[in-house]
Q: 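Dropping a structure here in C-alpha cells format, bear with me for questions.
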Amino acid sequence: MLEKILACIKELNPFGYVLLEEEEASEELFFLGNKIELQRAKQVKRHTLTLYKDFKYNGESFLGDAKVSIPDNSSTSEIRSILSRAEVMASYVQNKPYPLAKPESSGQDNSFEPSPFIEEDLAFWVNQIAEELLSADLTQRVSLSAAEIILSRGSRRIITSEGIDCRFPRANCYLETITSAKGTGEEVELFKKRDFSSYKSGELKEALENQGVLTLHRAEALKTPRNFTGDVLIPSEHLKTLFQYYYSQGAAQSVYEGISGFSMGGAFQEGDGDKITLNLLPYLPASPCNQPYDPQGVLLKPVTLLERGIVKSFWGDPQYSHYLGIPVTGALENLEVGEGSSTQEELRGEPYLEAVVFSDFIISPQTGDFGGEIRLAYIKDGNGRIPVTGGSISGNLVDCQNSILFSKERVREENFYGPALSRFKGLTVAGVS
Amino acid sequence: MKGNSTFLRENHKALKELIGLLTERYTWASVLGTDCSGLNYEVTGSSYKVSESMWSERGFVARIYYRNRYFEYSFSSFKPGGVRGIVEKINHFIDSVSSVSLAKEVLTFDPPAEEKIFLQEGFPLEEDPLETDPGKIFTIMKELKDKILAGSKLIVSGKVRYEGVRIAKVYISPEKDLSQAYVWSQCYLFVYLRDGQRTRRAFRGYSGARGPSLLMDLESKIEPLIQEGLSLLETEKIRPGEYEVILSPEISGLIAHEAFGHGVETDMIVRGRSKAGEYMGKRVGSPLVSMRDGAANCREVSSFFFDDEGTLAGDTLVLDKGILVSGLSDKLSASLLGIKPTGNGKRESFERRAYARMTNTFFCPGESTFEEMLKTVSHGYLIDKMISGMEDPKNWGIQCETLFAWEIRDGRLTGKLASPVMLTGYIPEVLGNITMVSRDLKLSGCGSCGKGYKEYVKVSSGGPYIKTKMRLG
C-alpha cells in the first residue's frame with residue numbers, strides 16, 4: 001500500500017509531502033462489575049497525507065497544503081483521485097511560504113525506554129492488568145461498578161519529500177475504573193481514567209484501592225459550605241489541566257495570530273508566588289505521549305518554554321516557527337514543571353480547601369478561565385480535615401498566577417511531571433450548604 | 001441512492017459471505033461497514049487550512065454471539081487474506097480469549113432476536129461537502145473572517161471553521177440488510193479580543209443535516225457576535241448562590257443532554273451508575289416538562305435510518321409531563337434489562353465499541369413566550385452559550401459551564417453580564433422548579449458528545465426557553 005501511494009505521489013510530483021503510515025492492533029476488555037461484559041480486538045492501518053503546493057496569486061507567492069486520509073487498501077485509481085483532489089484544495093490555501101522540516105540527527109541521546117507492551121501478546125498484558133485490578137482489596141462498602149481496559153500497540157512511519165524516513169513503535173493502555181460506595185446517604189461513585197505506556201506491578205492495584213478510599217470519603221462527605229473564602233489546594237492531576245493554558249500561550253501559532261499575550265523574554269509573573277518553569281520533553285517515563293518525531297517528521301528535543309516566570313521560547317511547527325523567525329521545535333506533548341518552594345506539609349499548614357476530584361476540571365487555553373464541580377474535596381480548619389462534596393471552584397489563571405505556591409515534591413500524571421500540590425489564593429468557591 | 005458508497009457496494013458480497021462463514025461456527029454474527037468522508041476548513045487572520053475531518057473512517061466491525069457471550073473484531077480491510085483471512089483472525093481471537101482463565105465470571109446474554117428487514121435509505125443530498133469547490137468555500141469563509149476582524153480595534157484575531165461530512169453505512173446480519181447515506185455540517189465563528197492583559201473569546205456555532213449552504217446565511221450573525229465579544233471585556237463576577245434563571249434553548253438542550261440524557265442511557269443503568277433506574281415510571285420534574293430523543297424525530301446532525309447495531313432509528317418519549325417513562329438503549333444493555341433497544345447504539349467509529357448514546361435530544365415546547373417569562377423574574381439571569389458540560393448520572397448532578405449570564409432585575413435585562421458561569425445543581429430540583437416553558441424549539445448539533453472523556457459521537461440538543469432555579473458560581 002505504501003509503495004502504491006509513493007508511486008502516485010511521484011507521478012503527481014508535488015512541491016512537497018508528509019506521509020504518515022500507522023498500524024494499530026488492540027485487545028479490549030469491558031467489565032460490568034467484576035464480570036466480563038464484552039471482549040474486542042482490532043487490526044487497522046491508516047495513511048494520512050499532507051500535500052504541499054506552491055503557487056502564485058495576484059503576483060504573490062503562496063505555499064498551500066491539504067491533509068487527507070487514504071483508506072486502507074485503496075486502489076491506485078482511488079489514490080490518484082484523492083491526491084488530485086488534495087492538490088486542488090491546496091491550491092486555494094493562501095499561506096505565506098515556509099520551509100518544510102528537514103532530516104536532522106539529534107546529537108543528543110534520543111533513545112527512549114521502550115514500552116513493555118511491545119513485548120508479549122496483547123492478551124498477556126490485558127489479562128495481567130485485569131488480574132491486578134480484580135485482586136484489589138476494596139472494603140466491604142466499596143465495589144467496582146465498571147472497568148475498561150483498552151491496550152493498543154503498533155507503529156508509526158513518517159516519510160517526507162525532504163528525505164525524512166523514520167519509524168517507531170507505539171503502545172499504550174487506556175484504563176477506566178468506576179467505584180461506588182454507600183455511606184449514610186445515597187450511593188456515590190468516583191470515575192478515574194489513566195493512559196500509560198508502562199506501569200509497575202502493584203501500581204494499578206494500589207491506585208484502585210486508593211480510589212476506593214476516596215469513594216468512601218465521598219459517601220461520607222458533608223456538603224461544601226457556602227461561606228468558604230480561604231485558599232484552595234489543587235493536586236497534580238488538576239494542575240496538569242491548568243498548564244494547558246501555558247502550553248497554548250507558548251505555541252508559535254497562538255503568538256503569531258495574536259491570541260497569546262506572551263512575548264519572548266517577557267515576564268508573565270510578578271509578585272511573591274513561585275515562579276513557573278515549564279519544559280517540554282519528547283520522553284517521560286510511562287507517558288502515553290512519548291514520540292521521537294512529531295507527525296510532521298520534526299526530530300523532538302527538550303525545550304524550555306518558561307523559566308522562573310520568564311518566557312524563554314515558543315514551541316512550533318515549521319510554518320509558524322518560520323513566520324516568527326524562531327527555531328522549529330515540533331509538537332512536544334510531555335510537560336515538566338519545576339519544583340516549588342514549600343513542602344506539601346507546609347502547603348497544608350494553614351486552613352484550606354483541597355479539591356481532589358472534580359466532575360470535570362477545565363480551563364480555557366485562550367483566556368485562562370478555569371473551574372469545575374467538586375465531587376470530593378477536603379476542608380481543613382481548626383476542627384481538622386473533613387471531606388466535602390458539591391458546589392464548584394472557579395478562577396482565572398492570569399489573575400492568580402502571581403501568588404501560586406507549588407510543592408517541592410513532584411509526581412507523574414500521564415504526560416505531566418510536576419508539583420504534587422499547589423496552593424491558590426482568590427478562587428471562588430460556590431458551596432451548597 | 002445518491003451518496004451511497006461505491007466501496008461498501010463493492011464489498012457487499014464479501015460481507016454476506018463473512019456472515020455466512022461466521023454463522024457456520026458461531027450462533028450468530030453481524031457486521032457494520034462504514035465509509036465516511038469529511039473535510040475541515042479553517043480560516044484565521046493569518047492562515048488557511050483544509051484537512052480530513054476527524055469523523056472520516058472506512059472499515060468494518062463484526063459482532064459475534066457465541067456461548068452466550070459477545071465478541072467484536074474491527075478491521076480496516078479484507079486484504080490480504082480475503083474473507084477467509086478475516087474469519088481465521090476472528091476465530092484465533094475468540095479461541096484465545098475464551099480459553100484464558102480469569103478468576104471472575106462472565107456476563108451471559110440471551111440470543112439476539114432480529115426481524116427480517118431490507119432497507120436502502122438516504123436523505124436527499126442538496127450539496128455534497130466533498131464535491132463542492134474548495135475555492136467557493138474559502139471565499140465565503142474569508143469574507144466572514146474579514147468582517148469579524150474589521151469589527152473593532154480591540155479584536156486581535158478571528159476565525160471561521162467549517163466542517164462537512166458525508167456518511168455511508170451498511171449493516172448485515174442473517175436477518176438484516178441495511179444501507180444508508182446522508183450528510184451533515186457544522187460551522188463556527190470565533191472572535192478574540194484583548195484589553196490590556198485580559199483576553200476574551202466569543203463564538204457562535206451552526207449545524208444541520210446539510211452541506212456547505214450552511215455558510216450562506218452567516219453574514220448577519222457577525223455583528224451580534226462582535227457585540228457579544230465586546231460585552232465579555234466588561235463582565236462582573238457573579239455572586240455564588242441560587243437564582244431564578246431563564247435558560248436559552250441552547251442551555252435547555254445542554255441540561256437535557258448532560259443532566260438528564262446521559263442519566264437515561266441504559267448501559268449506565270445496568271452498571272448501577274444511574275439514578276434513573278430507580279425512577280422509571282415516577283415523577284422527576286414539573287408537569288410542564290417533557291423530553292424526547294431520536295434519530296427519527298427531526299433532521300439534524302444525528303438523524304439517520306438505523307444505528308450502529310442495525311436497530312432502526314427511534315423517536316423516544318423519555319420524559320412525559322415530568323414522569324420518567326423510558327431510557328435510551330443499545331442492544332447489549334437492552335438485552336440485560338429485558339427491553340427493546342431504542343435505536344441509540346452508536347460507535348465513535350468502526351474501531352470502537354457501541355454504547356447507548358443520545359441522538360437528537362430536546363425538551364418539548366410549552367405555552368409561554370420569552371417576554372412573558374422575563375417579566376416574572378425579580379432578580380435572576382438569562383443563561384446562554386454553552387462552553388462545556390459533564391454528566392453525573394449516578395447522583396443526577398449537573399455541571400455545565402456557560403459563557404453568558406445576563407442579569408435580569410424586575411423583569412428587564414439590565415445589560416450587566418457575568419462570564420463565565422458554572423451551573424451546578426440536582427436535576428430533580430432543577431426540573432421540579434420549572435415554572436414556565438416557551439413555545440420555541442431550537443436544536444444545535446455543533447461539537448461532539450463523549451462518554452466520560454472518550455467515545456465521541458455527533459449529537460444535537462435543544463429545546464425552548466425554560467424558567468427555573470439553579471445554583472450559579
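Residue numbers start from 1 in every chain, and the chains themselves are labelled A, B, ... in the order their sequence lines are given, proteins ahead of strands. Since we're looking at a predicted model, the values are computed, not measured.
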Q: Where does B:Phe75 contact chain A at under 4.5 Å (heavy atoms): side chain, backbone, both or neither?
A: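 The answer is both parts of B:Phe75.
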Q: Side chain, backbone, both or neither: which part of A:Ser145 has an atom under 4.5 Å from a heavy atom of chain B?
A: both
Q: Look at atom NZ of B:Lys79 and say whether more than 12 heavy atoms of other residues, nucleotides or ligands are closer to it than 6.0 Å.
A: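 No, not enclosed.
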Q: To the nearest 0.5 Å, how far apart are OG1 in A:Thr367 and CD1 in B:Ile387?
A: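 The distance works out to 7.5 Å.
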Q: Residues in ring pair (Phe, Tyr, Trp, His ring centres under 6.0 Å) with B:Tyr426, at least two apart?
A: none
Q: Can you see which heavy atom on B:Ser46 is nearest to which on A:Tyr256, and at what distance?
A: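 Smallest interatomic distance, heavy atoms only, reads CB-CE2, 3.3 Å.
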Q: Counting only heavy atoms closer than 4.5 Å, note whether B:Arg273 contacts chain A via side chain, backbone, both or neither.
A: both
Q: With no hydrogens and no angle check, just 3.5 Å: does a side-chain donor-acceptor pair link A:Arg40 and B:Ser74?
A: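 Yes, side-chain donor-acceptor contact under 3.5 Å.
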Q: Checking heavy atoms, do the side chain of B:Ile238, its backbone, both or neither come under 4.5 Å from chain A?
A: neither
Q: Under a 3.5 Å threshold, yes or no: a donor from one side chain and an acceptor from the other, between A:Tyr323 and B:Ser47?
A: no
Q: With a 4.5 angstrom heavy-atom cut-off, could you sort out which part of B:Phe93 is near chain A: side chain, backbone, both or neither?
A: side chain
Q: Which bit of A:Asp121 comes within less than 4.5 Å of chain B, counting heavy atoms only: side chain, backbone, both or neither?
A: neither
Q: Tell me, side chain or backbone of B:Arg471 under 4.5 Å from chain A's heavy atoms, or both, or neither?
A: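 The side chain, not the backbone.
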Q: Only counting residues at least two apart or in another chain, list the ones meeting ring pair (Phe, Tyr, Trp, His ring centres under 6.0 Å) with B:Tyr66.
A: B:Tyr26
Q: Side-chain contact test, heavy atoms from C-beta onward, threshold under 4.5 Å: evaluate it for B:Lys394 versus A:Leu190 and give yes or no.
A: no
Q: Please find the pair of heavy atoms, one from A:Leu32 and one from B:Leu336, that lie closest to each other, and give the distance.
A: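 It is CD1-CD1, 3.9 Å.
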Q: Regarding B:Lys451 and A:Glu176, does a basic nitrogen lie under 4.0 Å from an acidic carboxylate oxygen?
A: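 Salt bridge: no.
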Q: Give, for atom CZ of A:Phe30 and atom CZ of B:Arg271, the distance between the pair rounded to the nearest 0.5 Å.
A: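 A:Phe30 atom CZ to B:Arg271 atom CZ measures 9.0 Å (nearest 0.5 Å).
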Q: Tell me, side chain or backbone of B:Asp133 under 4.5 Å from chain A's heavy atoms, or both, or neither?
A: side chain
Q: Measure the OG1-CD distance between B:Thr199 and A:Gln366 for me, rounded to the nearest 0.5 Å.
A: 9.0 Å
Q: So, do A:Glu37 and B:Arg353 sit near enough that their side-chain heavy atoms are less than 4.5 Å apart?
A: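 A:Glu37 vs B:Arg353: side chains touch.
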Q: Given the options A:Glu186, A:Arg226, A:Lys96, which has more heavy-atom pairs under 4.5 Å with chain B than any of the others?
A: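 Result: the option with the highest number of such pairs is A:Glu186.
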Q: Which answer fits B:Glu401, side chain, backbone, both or neither, if we ask what part of it has an atom under 4.5 Å from a heavy atom of chain A?
A: side chain
Q: Classify the ring geometry of A:Phe191 against B:Tyr453: parallel below 30°, tilted from 30° to 60°, perpendicular beyond 60°.
A: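 Rings of A:Phe191 and B:Tyr453: tilted, as their planes differ by 30° to 60°.
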Q: Quick one: closest heavy-atom pair of A:Val93 and B:Tyr48, and the distance?
A: CG1-O, 3.4 Å
Q: Considering only heavy atoms, which portion of B:Tyr41 lies under 4.5 Å from any heavy atom of chain A: side chain, backbone, both, or neither?
A: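 Contact with chain A is through the side chain of B:Tyr41 alone.
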Q: Tell me, for B:Leu332 versus chain A, whether the close heavy atoms (under 4.5 Å) come from the side chain, the backbone, both or neither.
A: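 Just its side chain gets close to chain A.
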Q: Under 3.5 Å, side chain of B:Asn395 to main-chain N/O of A:Glu187, donor-acceptor pair present?
A: yes
Q: Please classify the contact between B:Ile90 and chain A as side chain, backbone, both or neither, with a heavy-atom cut-off of under 4.5 Å.
A: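 For B:Ile90, no heavy atom lies under 4.5 Å from chain A.
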Q: Can you tell which part of A:Ala66 gets under 4.5 Å to a heavy atom of chain B, answering side chain, backbone, both or neither?
A: both
Q: Kindly give the heavy-atom pair with the smallest separation between B:Tyr73 and A:Gln43, and that separation in Å.
A: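 Nearest heavy atoms, B:Tyr73 then A:Gln43: OH-CB, 3.5 Å.
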Q: Is B:Arg352 close to A:Ile150 at the side-chain level, that is, under 4.5 Å between some pair of heavy atoms?
A: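 Sidechains of B:Arg352 and A:Ile150: in contact.
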Q: Using non-hydrogen atoms and a 4.5 Å limit, figure out which bit of B:Val421 sits close to chain A: side chain, backbone, both or neither.
A: neither
Q: If I compare all heavy atoms of B:Arg194 with all of A:Gly258, which pair ends up nearest, and what's the gap?
A: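 So the two residues come closest at NH2-O, 2.7 Å.
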Q: Of the backbone (N, CA, C, O) and the side chain (C-beta and beyond), which part of B:Tyr70 lies under 4.5 Å from a heavy atom of chain A, both, or neither?
A: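 Contact with chain A: backbone and side chain both.
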Q: Between B:Thr44 and A:Glu257, does any side-chain donor sit less than 3.5 Å from a side-chain acceptor?
A: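 Checked: B:Thr44/A:Glu257 side chains pair up, N/O donor to acceptor below 3.5 Å.
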Q: So, A:Glu148 and B:Lys454, do they make that salt bridge, N to O below 4.0 Å?
A: yes
Q: So does A:Asp360 get a backbone contact from the side chain of B:Gln399, meaning a donor-acceptor N/O pair under 3.5 Å?
A: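 Confirmed, B:Gln399 side chain pairs with A:Asp360 backbone.
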Q: Within this structure, what is the CZ-CD distance for the pair B:Arg69 and A:Gln39, rounded to the nearest 0.5 Å?
A: 4.5 Å
Q: Sub-3.5 Å donor-acceptor pair from the side chain of B:Ser76 to the main-chain atoms of A:Lys45, do we have one?
A: yes
Q: Sort out for me which of A:Ser260, A:Ala86, A:Ser75 touches chain B most, counting heavy-atom pairs under 4.5 Å.
A: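 If we count pairs closer than 4.5 Å to chain B, A:Ser260 comes out on top.
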Q: For A:Tyr320, is it the side chain, the backbone, both, or neither that has a heavy atom closer than 4.5 Å to a heavy atom of chain B?
A: side chain
Q: So what's closer than 4.5 Å to chain A heavy atoms on B:Arg58: side chain, backbone, both or neither?
A: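 Answer is side chain: those atoms of B:Arg58 sit under 4.5 Å from chain A.
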Q: Do you know which two heavy atoms are closest between A:Gly372 and B:Met422, and how far apart they sit?
A: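 Looking at all heavy atoms of both residues, the shortest contact is N-CE, 3.2 Å.
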Q: A:Val88, A:Val188, A:Thr48, A:Val398: which one forms the most heavy-atom pairs within less than 4.5 Å of chain B?
A: A:Val188
Q: Any donor-acceptor pair under 3.5 Å linking the side chain of B:Glu52 with the backbone of A:Ser69?
A: yes
Q: With a 4.5 angstrom heavy-atom cut-off, could you sort out which part of A:Asn73 is near chain B: side chain, backbone, both or neither?
A: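 Both backbone and side chain.
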Q: Can you measure from CD1 (B:Ile398) to CD (A:Glu373) and round to the nearest 0.5 angstrom?
A: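 B:Ile398 atom CD1 to A:Glu373 atom CD measures 8.5 Å (nearest 0.5 Å).
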Q: Please state whether the side chain, the backbone, both or neither of A:Phe358 comes within less than 4.5 Å of a heavy atom of chain B.
A: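 Contact with chain B is absent: no heavy atom of A:Phe358 under 4.5 Å.
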Q: Does any heavy atom of chain A fall under 4.5 Å from the side chain of B:Lys159, the backbone, both, or neither of them?
A: neither
Q: Among A:Asp65, A:Val429, A:Asn396, A:Val432, which has the most heavy-atom pairs under 4.5 Å with chain B?
A: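 Top count of heavy-atom pairs under 4.5 Å with chain B: A:Val432.
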Q: Which bit of A:Ile259 comes within less than 4.5 Å of chain B, counting heavy atoms only: side chain, backbone, both or neither?
A: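 Both parts, backbone and side chain.
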Q: With a 4.5 angstrom heavy-atom cut-off, which part of A:Ile362 approaches chain B: side chain, backbone, both or neither?
A: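 Looking at A:Ile362, just its side chain touches chain B.
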